[in-house]
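Here the structure comes first, spelled out in structure tokens, and everything after it is commentary.
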Amino acid sequence: MIKIKLSPTPSGLWQIDGLSQIARRSRELEPSNWPEAAQMRFDAVQALLDRIGDEELSLDWNHAPTRSAMELLYSAAADQMAIGEVEMAVALWESLAALDEEDHMSVSVMLAFCYVDLEDYDCLEEAMFNLSPKTPEYHLLTLWTTFRRTGGIDRDALRELRTRHKAWMEEFSADQHPADEAYMADCRSERPTPQTEARELWFATAALWERNPDFLKTLKKA
């Protein structure tokens, strides 16, 4: 049985204890047995959400065990995304967004990509409000949204990607996305290159492109 402790702080934020070991064990297990690691994370976050219930809490990101729990929740959503369970991924990311007012892990980005896939444009509008129009994610989402709605390409967003965010344009129109040693090493660095950040986003959203292959085909031809 997973024992989770919720504690209020004088600042009004809440802290979580009880999930750090599970987070660590799942990371250690992942290279050899990803399904079991994913199930471990899913069971843990279900216990966490059951423990929170209907309470409206804001969590303390600066408290290490609480941050570990939030990262575990994010990872559990990413696990669901990886196997194509987009609705479940959205439910978990929305739970995290409700607990993290400052969106430390940029949940809004992943939610926005998923909302387009699910054609939930009301929620998409709210998620897009939290994204800067200067980011490559914003322009990719604009392209993705236009394609889902019309089957066409937003030329302004395409021009922005080509001129201001070349690494993302190149990654999302590439035929291969190798997770080689150089990429993995750069992922672990303090300042990953734009090319690595673009590939990380491609991997994070890969399940969507498996469900909607025509978007990338159209982007490559644009």
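Just so you know, these numbers come straight off a predicted model, no measurement behind them.
Looking at heavy atoms from C-beta onward, Asp100 lies out of side-chain contact with Leu59 at the 4.5 angstrom threshold. When side chains are defined from C-beta on, Val86 does not count as touching Gln80, because their heavy atoms never get closer than 4.5 Å. Residues Cys114 and Trp93 are in side-chain contact: their nearest non-hydrogen atoms beyond the backbone lie under 4.5 Å apart. Side-chain contact between Gln15 and Pro65 is absent, with no heavy-atom pair separated by less than 4.5 Å. In this structure, Trp144 and Leu140 have side chains that are not in contact, with every pair of non-hydrogen atoms separated by 4.5 Å or more. The closest side-chain heavy-atom distance from Glu197 to Trp168 is below 4.5 Å. Looking only at side-chain heavy atoms (C-beta outward), Glu126 and Tyr115 stay at 4.5 Å or farther from each other. Under the 4.5 Å side-chain criterion, counting only non-hydrogen atoms from C-beta, Tyr183 is in contact with Glu200.
More than 12 heavy atoms of other shown residues, nucleotides or ligands fall within 6.0 angstrom of atom CD in Glu119. In this structure, Glu181 places its CD atom where only 12 or fewer heavy-atom neighbours from other residues, nucleotides or ligands lie under 6.0 Å away.
Judged as a salt bridge (Lys or Arg N to Asp or Glu O under 4.0 Å), the pairs with a partner in residues 150-163 (not counting sequence neighbours) are, in order, Asp156-Arg159, Glu160-Arg164.
Across all their heavy atoms, Leu208 and Met81 have their closest contact at CG-CE, 3.5 Å. In terms of heavy atoms, Ala44 sits closest to Ile2 at CA-CD1, 3.7 Å. Phe203 approaches His177 most closely through the heavy-atom pair CZ-O, 2.9 Å. The shortest non-hydrogen separation linking Ser68 to Leu19 is OG-O, 4.5 Å. Between Met110 and Ala204 the shortest heavy-atom distance is CE-O, 3.5 Å. Between Met105 and Tyr74, the closest heavy-atom pair is O-CE1, 3.7 Å.
Of the charged side-chain nitrogens involved, at least one lies within less than 4.0 Å of a carboxylate oxygen, so that Lys220 and Asp175 count as a salt-bridged pair.
Looking at Gln46 and Asp50, their side chains never bring a donor and an acceptor atom within 3.5 Å of each other. Side-chain contact, Thr193 with Thr196: a donor N or O sits under 3.5 Å from an acceptor N or O. In this model, a donor atom of one side chain and an acceptor atom of the other lie less than 3.5 Å apart for Asp117 and Asn212. There is a side-chain donor-acceptor pair under 3.5 Å between Ser58 and Glu101.
Note that CE of Met40 and CD of Glu28 are 9.5 Å apart. Values are rounded to the nearest 0.5 Å. With rounding to the nearest 0.5 angstrom, the CG atom of Leu124 is 7.0 Å from the CG atom of Leu141. Here the CH2 atom belonging to Trp61 is positioned 5.5 Å from the CE atom belonging to Met70, to the nearest 0.5 angstrom. To the nearest 0.5 Å, the span separating CZ on Arg25 from CD on Glu30 amounts to 14.5 Å. Put simply, CG on Asp43 and CG on Leu48 are 12.5 Å apart, with the number rounded to the nearest 0.5 Å. The CD atom of Glu210 sits 10.5 Å away from atom OG1 of Thr205, with the distance rounded to the nearest 0.5 Å.
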For this session: Report the C-alpha separation of Met169 and Leu158 in whole Å, then their side-chain angles, then the decisive distance to 0.1 Å, and conclude whether the side-chain contact (heavy atoms from CB on, under 4.5 Å) test is met.
Result: CA-CA 8 Å; Met169 182 64 192; Leu158 182 64; 3.7 Å; yes

Problem set entry | CA sep, side-chain torsions, deciding dist, call: Leu216, Ser173, side-chain contact (heavy atoms from CB on, under 4.5 Å) | CA-CA 6 Å; Leu216 294 188; Ser173 57; over 6 Å; no

Exercise. Could you go step by step and tell me if Arg41 and Glu71 meet the salt bridge (Lys or Arg N to Asp or Glu O under 4.0 Å) rule?
Worked result: CA-CA 10 Å; Arg41 286 188 282 264; Glu71 291 169 346; over 6 Å; no

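By the side-chain hydrogen bond (donor to acceptor under 3.5 Å, both in side chains) test, Arg27 is found to be paired with no residue, residues two or more places apart in sequence or in another chain being considered.
In summary, the aromatic rings of Phe172 and Phe215 are positioned with their centroids too far apart to meet the 6.0 Å limit.
Formation of a donor-acceptor pair under 3.5 Å by the His165 side chain with backbone atoms of Lys134 is found in this model. At least one donor-acceptor pair under 3.5 Å links the side chain of Ser32 to the backbone N or O of Leu29. Thr150 places no side-chain N or O within donor-acceptor distance of the main-chain N or O of Phe147, the cut-off being under 3.5 Å. A donor-acceptor pair under 3.5 Å links the side-chain atoms of Thr135 to the main chain of Tyr138, judged by distance alone.
For the side-chain contact (heavy atoms from CB on, under 4.5 Å) with Leu99, the qualifying choice from Ile16, Val107, Leu57, Thr66 is Leu57, the only one to do so.
The hydrophobic clustering, which links ILVMFWY residues whose side-chain heavy atoms are closer than 4.5 Å, places Leu201 and Met184 together. Hydrophobic clustering of Ile, Leu, Val, Met, Phe, Trp and Tyr side chains at less than 4.5 Å, counting indirect connections, keeps Leu13 apart from Leu96.
Under the 4.5 angstrom side-chain criterion for Ile, Leu, Val, Met, Phe, Trp and Tyr, the cluster partners of Trp34 are Ile83.
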